[in-house]
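Okay, structure first, notes after.
All values reported here derive from a predicted model rather than from experimental measurement. Hydrogens, waters and symmetry mates play no part in the numbers below; they use all other heavy atoms, side chains included. Here is how names work: the chains are called A, B, and so on, in the same order as the sequence lines, proteins then strands, and each is numbered from 1.
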There are 2 protein chains.
Amino acid sequence: MAILATAERLLEDRTLSEISIDDLARGAGISRPTFYFYFASKDAVLLALLDRVVEQGQTAAGDVLDHLAGDPRARWREAISAFYEAFRSHRAVTLACAQVRATNAEVRQLWATVMERWVQRTATAIEAERERGAAPLGLPARDLAVALNSMNERVLYATFADEGPAVAESTVVDVLLDIWLSSIYQTTAP
Amino acid sequence: MAILATAERLLEDRTLSEISIDDLARGAGISRPTFYFYFASKDAVLLALLDRVVEQGQTAAGDVLDHLAGDPRARWREAISAFYEAFRSHRAVTLACAQVRATNAEVRQLWATVMERWVQRTATAIEAERERGAAPLGLPARDLAVALNSMNERVLYATFADEGPAVAESTVVDVLLDIWLSSIYQTTAP
DNA sequence: TGAGAGTATCGACACCACGTCGAAGATGCC
DNA sequence: GGCATCTTCGACGTGGTGTCGATACTCTCA
């Protein structure tokens, strides 16, 4: 769909609020009313874009967290890296979503669903590690999972948007990993 | 100033983009052109509001982190609580800022400055704890400080906005505290 | 005391983006 | 060739924004 392609292209160097529906329409070679034949609003376009990214990221992540026993550090690192790559490979779209999420309920909802999935996987993995005696008891696994995933989201956003205090792109995964390991295992070398 | 009061009041139950300049003007008992006599835009109003909150929060925080030695856990908890209270006592304003930050460079700038101050205090405190042998070496103190403060920001936002996966308001401070202690001291009981 | 320099206010205008409606080309199927 | 459905757009009304010029309201100082 030409509209989606146009949107993703324009988002590379403008923010969504700086893009008019007319820009999207003209970019796709159609008139403004015709735009409405395909999408109800600008936000709906972003939603569709996000849908695709999510779809794609979903499979990429896989089930790394189901095989922690062998080398926990390496597995957790893969999981965080997957998160990192998902963000990174569609930087423009995810940055735009973070913006629109504040205003648009549907985007917020979709994003929340995605986060929830990550949180649940994380919580399950933490509980499994405690079960097999690799990790000590501590915070409720879900609370810990929510906080850690929120941290990743915010830190990666700052890194990619290069906004305010941020961690360098080259070290950000390892910084996050250390905090995950510390708070789950009380050591960085489980 | 009546405009500021009106803005803070309206933000209690509407988002900033749902508030027109006319709403602010009428709420303050003036006409729309007169509004422009005082502020250049809606965003400028929010900026002024944020300024006040920051001013106020700045003093409230104080220098807790300069006296960690006695009871580190208690001191760190106070620091996180200060952050929590700053957010909480002006919930509407901070939520609005998080939204506008995405679009408005000035708000983004001011927010970044505030965060930077917190980050620096945190980093300094971590280094001091390592110096006196209370905390082990590990990540660069600044990277750790950035990540932990980002986590707080995002987690508290989710809690107050009641958006997506969040931690309960009653336990959020302790959840954050545990992660801070784990990643700084490699134990939750330093 | 009244002329002039600020301060504060608004009516009226032009502008721009949005969303809708109704009419009119394509396209395909019977 | 006729009919239904998909696709397109010109033209319109609406609502929020920002500006301009005119008018009032206050001081102050000669």
When you compare the protein's N or O atoms with those of nucleotides 23-27 of chain D, which come within less than 3.5 Å of each other, and at what distance?
none

Is there any protein nitrogen or oxygen under 3.5 Å from a nitrogen or oxygen in nucleotides 20-24 of chain C, and what are the pairs?
none

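Separating the CZ atom of A:Phe39 from the P atom of C:dG19 is a distance of 14 Å, rounded to the nearest angstrom. Spacing between atom NZ of A:Lys42 and atom C1' of C:dC16 amounts to 13 Å, rounded to whole angstrom units. At whole-Å resolution of the value, CG in A:Leu16 and P in C:dA17 are 14 Å apart. In this structure, CZ of B:Arg26 is placed 14 Å from P of D:dG15, rounded to the nearest angstrom. Whole-Å rounding puts the A:Phe35 CZ to C:dG19 P distance at 8 Å. Rounded to whole Å, atom C1' of D:dG15 lies 15 Å from atom CD of B:Glu18. Summarising the geometry, the separation between CZ on A:Phe37 and C1' on C:dG25 is reported as 13 Å, rounded to the nearest angstrom.
Distance check: A:Tyr185 OH to A:Ile126 CD1 gives 8.5 Å after rounding to the nearest 0.5 Å. Atom CZ of A:Phe83 and atom CG of A:Leu156 lie 6.5 Å apart (nearest 0.5 Å). One finds the CD atom of A:Glu163 at 5.0 Å from the CZ atom of B:Arg101 (value rounded to the nearest 0.5 Å).
Contact annotation for A:Tyr38: backbone-only contact, meaning every heavy-atom pair under 4.0 Å involves sugar-phosphate atoms and none involves a base.
At D:dT8, none of the side-chain N or O atoms of A:Thr34 fall inside 4.0 Å of OP1 or OP2 (strictly under the cut-off).
Under the ring pair (Phe, Tyr, Trp, His ring centres under 6.0 Å) criterion, A:Tyr157 pairs with no residue at all, not counting sequence neighbours.
Side-chain proximity of B:Ser20 to D:dG18, C:dT9, D:dG16: nearest is D:dG16.
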